[in-house]
There are 2 protein chains.
Amino acid sequence: MAGFDPPGRLVTLTDVAREAGVGESTVSRVLRNHGSYSKRAGERVAEAVARLGYVPNRLAGSLAGGGAGTGSGLVGVVIPSLANIVFPDLLRGLTAALDGTGMQSVVGVSEYDPDREEALVAALLSWRPEALLLTGLEHSPGTVSLARAAGVRVVEMIDTDGEGIDRVVGFSNRAAGEASARHLLARGYRRIGYIGLDPGSDRRGGKRLAAFEAVLAEAGLSLVGREVREGRSSAAMGRAGFEALLARHPDLDAVYFANDDMALGGWFACLAAGLAVPERIALFGFNGLDFTEAMPQPLSTIRTPRLAIGRAAAACLTGDGPARIDLGFDLIEGATA
Amino acid sequence: MAGFDPPGRLVTLTDVAREAGVGESTVSRVLRNHGSYSKRAGERVAEAVARLGYVPNRLAGSLAGGGAGTGSGLVGVVIPSLANIVFPDLLRGLTAALDGTGMQSVVGVSEYDPDREEALVAALLSWRPEALLLTGLEHSPGTVSLARAAGVRVVEMIDTDGEGIDRVVGFSNRAAGEASARHLLARGYRRIGYIGLDPGSDRRGGKRLAAFEAVLAEAGLSLVGREVREGRSSAAMGRAGFEALLARHPDLDAVYFANDDMALGGWFACLAAGLAVPERIALFGFNGLDFTEAMPQPLSTIRTPRLAIGRAAAACLTGDGPARIDLGFDLIEGATA
DNA sequence: AACAGAATTGGCAGCGCTGCCAAAGCGAGA
DNA sequence: TCTCGCTTTGGCAGCGCTGCCAATTCTGTT
C-alpha cells in the first residue's frame, strides 16, 4: 500500500506540454501565471496537469530561475529550541505571514550551541534560501561570515540590544530587565532573588538580568541571592530552584524569574508551602505566556511580542524596511508582584 | 552592512575545481566523500573550498542526483499547529533524530484545516522530499492521492486508530480515552463532564471522547454535561469552560479535559472558587505536559510519547520497519483524580 | 486585401551538480 | 623494459525548469 504508482519517473513539465499539445514554455508561463498566454492554452494546460497529477519540481525551478536574486522560495530559520513555546510562537507568526506567498521555511534547531548554529547556517544556505532568519545577536564569527557571504537578507529576531548583521526585529531585553526591576522596586520590594538559567547559553536572559541588577545597583541594592540551573527550563526546575533559593535566603521578599515557566513553578511552590503571594513573597516572570492570565492570581510578567516578531521578520524579507524594528513589550502588572 | 560581498554570482563547484586545479568530478567526489580520490586531491579541494568560501548548492545536487530515489535530503512535515507544545515536541524528536543525517525538514502548518493540509502537501512535494510526515490519519482524498502518487515514504504520526497510507507511528487515542474513563470509574466518580474542542477539527480528541463515552456507557453511565469550545485551547479556555460547565451542572464530581492546558485552567478555577480537588471535584487531563508534575497536586493525566513519536518517525524514513508502530502511553495517576 | 503592431508561442541554452564512462596514472610482476 | 590490473581522474550529458529570442498568429486598420 506504500505510495508507489510508477516507481520510476515522476511527471515532468515536458510530459504536461506533450499532453496539452503546447510547448514547454507555455506550460511554464501558465503554471506561474507569468507572461501572456491564451485562455485556450491555459485551459489545456490545466486539464493536462489535472489528468497527469503533475507536481512542479521546485528544485529545478529554483535552479533555473536566475541563480541569484530570483529566489528559491525557501527561507532558512535557525531557532535555539523547540522545547520552549516561545520559539514555536515565533515560527507561528512567521509561517502565518509567509502563508500565501509561496515561500516555505526550513527550520534548524541549534540547542543554544553556537557551533551547531554555524553548521545549521551552512546547511541551510546550501538550499539557497532567499533569506536567513537567526535568533538573537550573538553568533560565532563563522556564522557571521557565512551569512554575509551568502548575499541574502539576514534577519536576527528577538533581541535588539546590539549590532545586527543586516536586519534586526525584536525588543530590548535590557529594557525588559530594567522595567522588571523598576516595577519590583516601585512596589517596595527590596530583598530580591533571581532564578534563571546559565547565562552562557541563555544570552538574552543574561542581558535581562544584567539590566535588572544595574537598576538595583542604582537604588543601592543588589540581588540577595540567585539560583542558576542548567538545562531546559520548566515549571519543575522553577519550583526546585525556588525552594532551594528560599531555603538559603528565607528573608527574600521577591523573586525575579528568567521566564514564566519557572515562575509558575515558583508559584506552585508557594502554594504548596502556604506562602502568601505577593504578601509574603512576590513573583515576577517573563514572556507573558497564555496561562499566566488564567491563574487565580495573574502572574506579574512582561509580555513579549513573539508572534509580531515572526510576522515582522517575514515582512522584512520582501520589503525594504528599516534595519532595526523594535516592537517593544508590555509589562503585565498581574497580581503576584 | 548587508551581507553582499559579490552581489552577483556565488562560488560554484566549477570555481572550486579551477582554484584547486582538478576536475569538477573530483571536487564532487571529495566533497561527498564518495568514490575514490587521492589524498593530494582531497587536500587541494579542501583548501580551495576554504579559500573561496564555497557553499554547495543542494538544489542542483538534488536535481542532478538521479531524480527518484537518490533523495533530496529534505523531509516534508505537516503539523496542525504550532500553538500547542505537543507538535513542537514532535518536531523536536524528529529534528533530533534527523540531526547528523544531513536531512532537513520543511514544515507546514495546516491549522487543522484539511484543505490547507492538501495545499501544503502539494507545496512540500514540489521540493521532492524523501519522505512526507503527516499528523493523524484523517486527510482529504486529494491529500491521500498526492501522497500516494509522490512515490515517497509517508509517515502518519500520533494516531494509530485506523488505516494509514504507508507507515503509522503513534499510540491509540481510543485506548487513551478508554483508560481515562476506566481510571475515573475505578476511583468512584460517576457524575462526569467533558471540556474540549470542536471534534470536527480536533479529530483525535473526538476519538478519545468517543472511547471515553463508550466505557461510561458500558457502566451504564453517560456524560452529565459537556462544554465544547472553538479555537485554540488554552488554560483560559479551560478555566472559562470549567466555570460554565460547573454552573450548568453543579453536581459534577469529575471533569475530563481534552488536554492538560485546559485542565490547568480547570484547576485554576477550582483554586479560585475554593473547590477541593479531587474531593469536591476531580480533574483529568491529557498529554502529560511538563508542568503537570510540578503542580502542588500533580495532575492526573495521560502522558503521550511525543518525542519518541518524532524519533520513531525519523527512523521510519531510512529503515524498513513495520507499517505500524504503537508507542503506547502512560497513565499518570497524579493527585487530581 | 494588405499591413503594422500586439499578443502568443516554441526552441533552446544553461542553472550547478552528479553519474557514467573512457582515459590516464601507477605499481608490480614477467 | 613491457604489460596487466587497479586506482584516480576529467569530460560530458542531462536532471526539470526558466529566460531569452525569434517565429508565428492574431487584431484592427486603411
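Quick note on labels: first sequence line is chain A, next is B, and so on, each numbered from 1.
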How long is the line joining [atom1] of [X] and [atom2] of [N], in whole Å?
| X | N | atom1 | atom2 | value |
| --- | --- | --- | --- | --- |
| A:H34 | D:dC17 | NE2 | P | 17 Å |
| B:L31 | C:dT18 | CG | C1' | 12 Å |
| A:R29 | D:dC17 | CZ | P | 15 Å |
| B:R128 | D:dC17 | CZ | C1' | 11 Å |
| A:N57 | C:dC15 | CG | C1' | 13 Å |
| B:Y37 | D:dT9 | OH | P | 10 Å |
| B:L59 | D:dC15 | CG | P | 18 Å |
| B:R44 | D:dT8 | CZ | C1' | 15 Å |

Measuring to OP1 and OP2 of [N], would you say a side-chain N or O of [X] lies under 4.0 angstrom away?
| X | N | value |
| --- | --- | --- |
| A:S36 | C:dT8 | yes |
| B:Y54 | C:dC17 | yes |
| A:S38 | C:dT9 | yes |
| A:S28 | D:dT18 | yes |
| B:T26 | D:dG10 | yes |
| B:R32 | C:dT18 | yes |

Original post:
Between A:T101 and A:L98, does a side chain to side chain contact (heavy atoms under 4.5 Å, CB included) hold up when you go through it step by step?
Top reply: CA-CA 5 Å; A:T101 65; A:L98 248 38; 4.2 Å; yes
Original post:
Taking NZ, NE, NH1 and NH2 as the nitrogens, is one of them in B:E156 or B:R167 under 4.0 Å from a carboxylate oxygen of the other?
Top reply: no
Original post:
Is a salt bridge present between B:R116 and A:D99, judged by a nitrogen-to-oxygen distance below 4.0 Å?
Top reply: yes
**OP:** Please lay out, stage by stage, how B:R29 and B:S36 fare under the test side chain to side chain contact (heavy atoms under 4.5 Å, CB included).
**Re:** CA-CA 7 Å; B:R29 277 186 291 257; B:S36 68; over 6 Å; no
Original post:
Do we see a donor-acceptor contact under 3.5 Å between the side chains of A:S140 and A:T143?
Top reply: yes
**OP:** Measure from the side-chain heavy atoms of A:A41 and tell me the nearest of D:dG16, C:dC17, C:dT9.
**Re:** C:dT9
**OP:** Among the candidates D:dC17, C:dT9, D:dG14, find the nucleotide nearest to the side-chain atoms of B:A64.
**Re:** D:dG14
Original post:
DNA chain D: B:K39 or B:A60, which has the more 5' nearest nucleotide?
Top reply: B:K39
**OP:** Would you indicate what A:S25 reaches in the nucleic acid, counting non-hydrogen atoms under 4.0 angstrom: base, sugar-phosphate, or nothing?
**Re:** base
